[in-house]
Amino acid sequence: MKWRIYPSQRGRVNKLVRRRCCCYDHGNCILLDDGEPHRCVQIISRSGIYCNYFRRAVLPSDSELYAQIRDQNKWRSEERRVGKESRSR
């Protein structure tokens with residue numbers, strides 16, 4: 001599941017990718033490497049956290065940014081859950 005980020009958070013997210021992600025290699029992701037270079041999904045993303053590795057292993061290293069992004073997405077998941085429950089009735 002994608003977590004949305006605001007444009008103001010994108011710079012901090014990209015800085016974390018470049019400085020802390022062990023899978024980041026000069027713009028490419030070694031987790032996606034199948035013999036061909038693949039761009040880092042997180043670096044090219046403008047509006048969300050798409051990389052599960054980044055979300056689980058790297059983002060928590062910046063506790064303030066992690067809390068902001070987690071909390072702003074918490075209401076979205078609750079809203080979806082409530083919407084599904086009301087439609088199933």
Side-chain angles (χ1 to χ4, degrees):
M1 178 175 74
K2 175 183 85 164
W3 281 7
R4 286 209 177 273
I5 60 173
Y6 295 123
S8 60
Q9 296 165 328
R10 184 173 180 227
R12 286 178 68 185
V13 166
N14 287 346
K15 188 183 291 187
L16 268 180
V17 171
R18 288 187 180 97
R19 291 185 178 176
R20 302 251 172 127
C21 184
C22 66
C23 300
Y24 180 79
D25 183 39
H26 304 289
N28 296 317
C29 177
I30 60 174
L31 278 179
L32 301 176
D33 190 349
D34 59 359
E36 298 286 326
H38 292 276
R39 297 271 303 154
C40 171
V41 174
Q42 196 52 59
I43 287 291
I44 61 176
S45 167
R46 295 182 188 277
S47 62
I49 305 292
Y50 290 92
C51 177
N52 288 328
Y53 177 79
F54 176 79
R55 183 171 52 91
R56 293 182 182 134
V58 181
L59 184 58
S61 68
D62 183 331
S63 57
E64 179 185 336
L65 181 62
Y66 176 71
Q68 285 176 2
I69 294 172
R70 182 196 61 219
D71 293 347
Q72 76 197 23
N73 284 277
K74 188 175 184 180
W75 71 266
R76 290 182 69 235
S77 63
E78 289 173 2
E79 187 176 79
R80 274 195 300 269
R81 182 182 50 79
V82 169
K84 286 180 184 177
E85 288 173 1
S86 65
R87 283 185 294 220
S88 66
R89 292 180 190 173

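No hydrogens, no waters, no symmetry mates; every other heavy atom, side chains included, goes into these values.
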**Report entry** NZ or CZ of Arg55 within 45° of Trp3 ring axis and under 6.0 Å
**Finding:** yes

Report summary line: Minimal heavy-atom distance between Ile43 and Arg10, with the atoms involved, is O-NH2, 3.7 Å

Query raised in the report: What's the shortest heavy-atom distance between Ile69 and Arg4, and which atoms?
Result: CG2-O, 4.0 Å

Query raised in the report: Taking it one step at a time, do Gln72 and Tyr6 satisfy side-chain contact (heavy atoms from CB on, under 4.5 Å)?
Result: CA-CA 10 Å; Gln72 76 197 23; Tyr6 295 123; 3.0 Å; yes

Requested in this report: Let me see the working for His38 and Asn28 under side-chain contact (heavy atoms from CB on, under 4.5 Å), right down to the final yes or no.
Outcome: CA-CA 5 Å; His38 292 276; Asn28 296 317; 5.8 Å; no

Query - Spatial distance of atom OG (Ser45) from atom CG (Asn14) [nearest 0.5 Å] - result: 8.0 Å

Query raised in the report: What's the spacing between Phe54 CZ and Ile49 CD1 if we round to 0.5 Å?
Result: 5.0 Å

Requested in this report: Could you walk me through whether Ile5 and Ser47 pass side-chain contact (heavy atoms from CB on, under 4.5 Å), step by step?
Outcome: CA-CA 5 Å; Ile5 60 173; Ser47 62; 5.5 Å; no

Report summary line: Heavy atoms of Cys40 and Val17 approach each other most closely as SG-CG1, 3.9 Å

Query raised in the report: Less than 4.5 Å apart, any side-chain heavy atom of Glu64 and any of Arg12?
Result: yes

Query - Full working for side-chain contact (heavy atoms from CB on, under 4.5 Å) between Leu16 and Leu65 - result: CA-CA 10 Å; Leu16 268 180; Leu65 181 62; 4.0 Å; yes

Requested in this report: To the nearest 0.5 angstrom, please state how far the OH atom of Tyr50 sits from the CD atom of Gln42.
Outcome: 9.0 Å

Query - Side chains of Tyr53 and Cys29 in contact at under 4.5 Å (non-hydrogen atoms) - result: no

**Report entry** Spatial distance of atom CG (Leu31) from atom OH (Tyr24) [nearest 0.5 Å]
**Finding:** 14.5 Å

Query - Interatomic distance, Cys22 atom SG to Ile30 atom CD1 [nearest 0.5 angstrom] - result: 6.0 Å

